**Q** 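Quick one: structure below, then a few questions.
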Amino acid sequence: MKQAVRIGGPASAGPDLQELLGQVARGDQEAFARVYDMVCGPVLGLVRSVLRDPAQSEEVTQEVLLEVWRGAPRFQASRGSGMTWVLTLAHRRAVDRVRSAQASSDREHRAALLDRTPAFDEVTEQVESRLEREQVRRCVRTLTELQRESVTLAYYQGLAYREVAELLSVPLGTVKTRLRDGLIRLRDCLGVSA
């Protein structure tokens, strides 16, 4: 016949964990010392299985036991055993620590990436912009006079195709053809792929 394994050491005469938690809820320090002896090992074992770091495990175990002392009035024996309640507190606290460590690591990683991002160089931007404008001007000069006139009115003065046609006194289709041909020539001159 198999014997039941008891978590928390050998069985002792006296009140069980639920009764002790009730006494702890009323501020009984001796009852808390007995609760501590009963649950410290299982709590540390559970926390260590989640965290894997002995120093952090001891710290979290201490936090859990402090939470047991402060939160004993919230324990309800009708909702489960005292050991289940304590181990649930321990598991939640250990998982919170893992999540907190991961969030901290993620923040540090993002900060490191931001540090590697080169600062905005205003002079470089101005030079590049000036070079691009000069290249566009050079390419616009390669257009025929009719194409250049249509492109200038439509894209530099912001006129609609119909307004360009009326201003130049030519059919709308002619303006669209000039613009299309002019834009194709500009695209090729600027080296932009379609």
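As the structure is a prediction and not an experimental result, all values here were calculated from the model.
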**Q** Looking at CD of Glu108 and CG of Asp106, how far apart are the two atoms once the value is rounded to the nearest 0.5 Å?
**A** 9.5 Å
**Q** Which distance, rounded to the nearest 0.5 Å, do you find between the CH2 of Trp69 and the CG of Leu21?
**A** 11.5 Å
**Q** Is there a donor-acceptor pair under 3.5 Å between the side chain of Ser150 and the backbone N or O of Gln147?
**A** no
**Q** Can you see which heavy atom on Val43 is nearest to which on Ala90, and at what distance?
**A** CG1-CB, 3.8 Å
**Q** Quick one: pull up CD in Gln102 and CZ in Arg107 and give me the separation to the nearest 0.5 Å.
**A** 10.5 Å
**Q** Any idea which heavy atoms bring Val24 and Ala72 closest together, and the distance?
**A** CG1-CB, 3.6 Å
**Q** Roughly how far, to the nearest 0.5 Å, is CZ of Arg110 from OG of Ser105?
**A** 9.5 Å
**Q** Answer whether the closest heavy-atom distance between the side chains of Glu30 and Arg34 falls below 4.5 Å.
**A** no
**Q** For Glu63 and Arg92: C-alpha separation, side-chain torsions, deciding distance, then whether salt bridge (charged side-chain N to carboxylate O under 4.0 Å, His left out) applies.
**A** CA-CA 11 Å; Glu63 292 172 6; Arg92 287 179 182 162; over 6 Å; no
**Q** Can Glu58 and Arg97 be counted as an ion pair, charged N to O under 4.0 angstrom?
**A** no
**Q** With clusters defined by side-chain heavy atoms of hydrophobic residues (ILVMFWY) lying less than 4.5 Å apart, directly or transitively, does Tyr156 cluster with Leu190?
**A** yes
**Q** Around atom CD of Gln62, are there more than 12 heavy atoms of other residues, nucleotides or ligands at under 6.0 Å?
**A** no
**Q** side-chain contact (heavy atoms from CB on, under 4.5 Å) for Tyr36 and Val68? Distances and angles first, verdict last.
**A** CA-CA 9 Å; Tyr36 181 96; Val68 168; over 6 Å; no
**Q** Check whether any side-chain heavy atom of Ser81 lies under 4.5 Å from a side-chain heavy atom of Leu17, and answer yes or no.
**A** no
**Q** Strictly by disulfide bond (SG atoms under 2.5 Å apart), give each pair with a member in residues 29-104 just once, sequence neighbours left out.
**A** none
**Q** Indicate, with yes or no, if Leu153 and Val136 share a hydrophobic cluster defined by side-chain heavy-atom contacts under 4.5 Å among Ile, Leu, Val, Met, Phe, Trp and Tyr.
**A** yes
**Q** Look at atom CD of Gln29 and say whether more than 12 heavy atoms of other residues, nucleotides or ligands are closer to it than 6.0 Å.
**A** no
**Q** Give the C-alpha distance, both sets of side-chain angles, the deciding distance and a yes or no for side-chain contact (heavy atoms from CB on, under 4.5 Å) between Arg138 and Thr142.
**A** CA-CA 7 Å; Arg138 189 175 58 250; Thr142 66; 5.7 Å; no
**Q** Is there a path of hydrophobic side-chain contacts, each under 4.5 Å between heavy atoms, that joins Val50 and Leu44?
**A** no
**Q** Please verify the inter-ring angle class for Phe75 with Trp85; under 30° counts as parallel, over 60° as perpendicular, anything in between as tilted.
**A** tilted
**Q** Filter on salt bridge (charged side-chain N to carboxylate O under 4.0 Å, His left out), then keep only pairs touching residues 149-170, sequence neighbours left out; what's left?
**A** none
**Q** Is there a donor-acceptor pair under 3.5 Å between the side chain of Ser100 and the backbone N or O of Asp96?
**A** no
**Q** Apply the test side-chain contact (heavy atoms from CB on, under 4.5 Å) to residues Leu20 and Asp28: give CA-CA distance (whole Å), side-chain angles for both, the deciding distance (0.1 Å), then the verdict.
**A** CA-CA 9 Å; Leu20 289 171; Asp28 186 337; over 6 Å; no
**Q** Where is the tightest heavy-atom contact between Val86 and Val64, given as atom of each residue plus distance?
**A** O-CG1, 4.2 Å
**Q** Does the side chain of Val60 come within less than 4.5 Å of Leu51's, by heavy atoms?
**A** yes
**Q** So which atom in Gly80 and which in Gln18 form the shortest heavy-atom distance, rounded to 0.1 Å?
**A** O-NE2, 4.5 Å
**Q** Please test Arg178 against Val164 for side-chain contact (heavy atoms from CB on, under 4.5 Å), starting from the C-alpha separation and ending with a verdict.
**A** CA-CA 11 Å; Arg178 286 179 187 171; Val164 173; over 6 Å; no
**Q** Please report the interatomic distance CD(Glu134) to SG(Cys139), rounded to the nearest 0.5 Å.
**A** 10.0 Å
**Q** Give a yes or no on whether Leu146 and Tyr161 share a hydrophobic cluster (residues Ile, Leu, Val, Met, Phe, Trp, Tyr; joining criterion: side-chain heavy atoms under 4.5 Å apart).
**A** no
**Q** Going hydrophobic residue to hydrophobic residue with side-chain gaps under 4.5 angstrom, can you get from Val39 over to Leu66?
**A** no
**Q** I'd like to check Lys176 versus Leu172 (side-chain heavy atoms, cut-off strictly below 4.5 Å). Are they in contact?
**A** yes
**Q** Are any of the side-chain heavy atoms of Arg93 and Leu89 separated by less than 4.5 Å?
**A** no
**Q** Run through Arg148, Arg185, Gln135 and flag the one making a side chain to side chain contact (heavy atoms under 4.5 Å, CB included) with Val140.
**A** Arg148
**Q** Is the backbone of Thr84 close enough, under 3.5 Å, to the side chain of Thr88 for a donor and an acceptor to pair up by distance?
**A** yes
**Q** I want to check something: taking the side chain as every heavy atom from C-beta on, are Asp181 and Thr144 in contact at a cut-off of under 4.5 Å?
**A** no
**Q** Between Ser129 and Arg133, do the side chains contain a donor N or O and an acceptor N or O under 3.5 Å apart?
**A** yes
**Q** Is the CD atom of Gln126 crowded by more than 12 outside heavy atoms at less than 6.0 Å?
**A** yes
**Q** Just so I know, are the side chains of Leu65 and Val35 near enough to count as touching, which here means a heavy-atom distance under 4.5 Å?
**A** no
